Amino acid sequence: MLAVLSLSLVRKCGARSSVFQIRYFRTSSACRNEVITVKTPAFAESVTEGDVRWEKAVGDSVKEDEVVCEIETDKTSVQVPSPAAGVIEELLVPDGEKVEGGQALFKLRKGAVAAQAAEAPAAVAAPPPPAAATPPASAVGPIPTTMPPVPPVPGAAISATPVSAIKPTDAPAAFADGRGIPARTEHRVKMNRMRLRIAQRLKEAQNTCAMLTTFNEVDMSNISEMRKAYKDTFLKKHNIKLGFMSAFVKASAYALMDQPSVNGVIDDTTKEVVYRDYVDISVAVATPKGLVVPVIRGVEGMNFADIEKTINELGEKARKNELAVEDMDGGTFTISNGGVFGSMFGTPIINPPQSAILGMHGIFDRPVAIGGKVEIRPMMYVALTYDHRLIDGREAVTFLRKIKAVVEDPRVLLLDL
Amino acid sequence: MILRTFSNLCAQSQACFRSARAKSTLSDVIDETGKSGLILKSLSTDIFENLALEDWIHDHVDLQNRNMLFLWSNAPAVVIGRHQNPWQECNLQVMRQKGIPLARRRSGGGTVFHDLGNVNFTFFTSKKNYDRHRNLQVVTSALKGLRPDMDVRATERFDILLNGQHKISGTAAKLGRTAAYHHCTLLCSADRALLSAVLKPTCQGIKSNATQSVPSPVKNLLDEDPTLDCDTIMDSVASQYNTEFGFSSPVTLVDPSDELSLPGIQRMACELLAWEWTFGRTPKFSICTTFELKNDTSICNATLNMDIKNGIIETCDIEVPSDWLPVELSREFSLHLIGGKLCPYQTSVIAAAFLRTIPQNKEFERKMYNLCRRVVFMM
């Protein structure tokens, strides 16, 4: 009778268990789900006590010999392995507290069955704490001009050495019924607070600005040639590569000084237009951790080399995760390059609180009409999204044409045309 | 001391000639030599590669009937113990400025500063033969062998003191399932100014039960005697090791980035480099501190309270007097930090994005900017 009862309880335990149901088995040692108490090992060299640091938490399944905790005694870290495979039932000493040799340390429920049962509570208990599971990547994303970089899967963002205290929200097992048919489950991840706030601000900007976009195309042949001719000398003198960004950044600064309304912004609270006589250009950069927007300050006074150096410095800082608040704060105009992802054409969205944004796209060879003949030229579509409350059509188009003129023939800068 | 490379060690062992050398891992080669005592010296000065090599040896080499000594030194780095709190132990801002990396080792103990003027010795043994006093005896005897009248002594806390006053060596150890290692530092000609600068924590108000370091006055052996440089000392210790344990092992050079002879070592080094290990493994702690905020016209005092678990901010409360900055702004900012890493970069990104979303008001913007920078500085 007892054997039959135990068996049915075991079945129930295996199918849909929670840690609480397992408690019924504590006194039944006839059952294979035996709970054992593991004691602190004796310490070496006449040491009497140490501090316990837990590696595993209640409910974690462990294999035989897997480290459950470490005890720090007198500069030595002693690993305490699990004597058998099973599930951690109870931790008898809080983290960081002292233990003595032979003291009861933790309770382990033996049995490999537990491994499967433990996954169910782990998955069920895992609607993640609002922001803990969401990757840091989603912190910034004000300029989604193209498909934003795919944020990393929440679980994967967390540890190389699994820390069981944070339960990663792995997508539930793909094959739930073991027949090879994928399970059609979904899992929900709460939007993190920062993302919500940025979304709100973006929508607000879209509702107050009269946003529209004007387009143009840029023939990149001259600038490519210039780059090809001078890239080695440039590298030798300045120690960095000559790219295309510096041309567009400089062209934008030039055009912004020429059309001050594009560099200005409406202050909705005081109903004033703020015109700025300096140009700080925000450049959207995609990093492995997400989108960041460092600012190049005072571009109106810089030449191509200075700009290239600053872009390089900021890029390095972004790559090494060293960008500071002062590197990313402010900006009077934004440039976003969708071309790096292969975008051909698109409407960027203004990065508030600014009045306009330049979207660069991919360079593709196209047949164009030059002097009555068809030639193949490397062409880039450029887009300017602007706030029509402040900038009128004529200004926007002139602005964009000026950028086109400078990039197609940098001598325009020299001659101040 | 005869230096041999790993491939030479191979050549010494007859068995190796027969086996495909390209496929031999370090532990295969060691087994084939049949020696019970070996001395290895690292070709790398990268802290992560060297720590990974220690772990690799501990996990893969059969240490039941064998002892090994590993000699290594690193480019400037700060190394904290397994269960320590980096924010409490070192000056992270100075380290970032100077490009000094932080590493968390797997053994217990306190925080140390490594540079090329510091030598590390790791003694690998089986758990049965673990004897730190004997190991330190090797070091002190070696030093006395070089300078018989030098006063170097090991204490019960396993430090080595010079002239009874200055600490020249600290110890830490790890006891695994069947094997153990004990490593210690030795200050020969380290940069003491840099050492003091980086081991002075800047984050105030931390409450934690992490293992705390015990600061001690230090000295370089070179200050005591200008002829005692790192190489001389390493050779002397290696000799003494052979004498003490009755081995006759030459010093073999090892390249810790050699994945072929040390399969799996790259992954181990990557694990040690990860933020989740170095910072994320910090035992739960809280920060409670007050700081000053200024702008051109006024000053005020703000308080910050945070609880951090696994390096992630679990609760955050930044209070700024309401006459200086609207309460909603500081409160909102606090809420945005929750769930993020206690990391200046991540916080800068959040702060910059947050600053863009506050309603345009030059004064508030400046004040908020100052607050953000001050909070980031603490990390």
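Because the structure is predicted, anything quoted here is derived from the model rather than measured. Numbers restart at 1 for each chain; the letters A, B, ... are given by sequence-line order, proteins then strands.
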Below 4.0 angstrom, N of the basic side chain to O of the carboxylate: do [X] and [Y] qualify?
X        : Y        : value
A:Asp329 : B:Arg366 : yes
B:Arg82  : A:Glu72  : no
B:Arg106 : A:Glu70  : no
A:Glu55  : B:Arg281 : yes

Taking atom [atom1] of [X] and atom [atom2] of [Y], what is their separation to the nearest 0.5 Å?
X        : Y        : atom1 : atom2 : value
A:Met194 : B:Phe354 : CE    : CZ    : 6.5 Å
B:Ile338 : A:Asn192 : CD1   : CG    : 11.5 Å
A:Ile198 : B:Ile350 : CD1   : CD1   : 9.0 Å

Side chain to side chain, [X] and [Y], heavy atoms closer than 4.5 Å:
X        : Y        : value
A:Val67  : B:Arg177 : yes
A:Leu323 : B:Val349 : no
A:Asp95  : B:Lys284 : no

Please classify the contact of [X] with chain A as side chain, backbone, both or neither, using a heavy-atom distance under 4.5 Å.
X        : answer
B:Leu335 : both
B:Arg267 : neither
B:Ile358 : both
B:Tyr369 : side chain

Residue part contacting chain B, namely of [X], when any heavy atom lies under 4.5 Å:
X        : answer
A:Val274 : neither
A:Asp65  : both
A:Glu326 : both

Inset, instruction - Flag the one option from A:Arg197, A:Gln79, A:Gln200 with the top tally of heavy-atom pairs under 4.5 Å to chain B. - result: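 Among the listed options, the one with the most contacts to chain B is A:Arg197.
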Return yes when atom [atom1] of [X] has more than 12 non-hydrogen atoms of other residues, nucleotides or ligands closer than 6.0 Å, and no otherwise.
X        : atom1 : result
A:Arg297 : CZ    : yes
B:Phe291 : CZ    : yes
A:Lys39  : NZ    : no

Legend entry - B:Arg356 to A:Pro352 - nearest heavy-atom pair and separation: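 Looking at all heavy atoms of both residues, the closest pair is NE-O, 3.3 Å.
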Legend entry - Least distance between heavy atoms, A:Val325 atom then B:Arg373 atom: CB-CG, 4.3 Å
Legend entry - Exam field: side chain A:Arg53 to backbone B:Pro283, donor-acceptor pair closer than 3.5 Å: no
Legend entry - By salt bridge (Lys or Arg N to Asp or Glu O under 4.0 Å) - contacts of B:Asp59 (at least two apart):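 So B:Asp59 forms no salt bridge (Lys or Arg N to Asp or Glu O under 4.0 Å) with any residue.
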Inset, instruction - Output, in order, the C-alpha distance, side-chain angles, deciding distance and verdict of side chain to side chain contact (heavy atoms under 4.5 Å, CB included) for A:Thr76 and B:Arg132. - result: CA-CA 10 Å; A:Thr76 305; B:Arg132 287 180 288 180; 2.9 Å; yes
Legend entry - Among the listed options B:Cys372, B:Ala210, B:Cys343, the residue most often paired with chain A at heavy-atom distances under 4.5 Å: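 Most pairs with chain A among the choices: B:Ala210.
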Inset, instruction - Write out all pairs satisfying ring pair (Phe, Tyr, Trp, His ring centres under 6.0 Å) with one or both partners inside residues 313-335 of chain A, taking only residues at least two apart or from two chains. - result: A:Phe333-A:Phe399
Inset, instruction - Would you please say whether a donor-acceptor pair under 3.5 Å links the side chains of B:Arg105 and A:Ser77? - result: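 Judged by distance alone, the side chains do not pair up.
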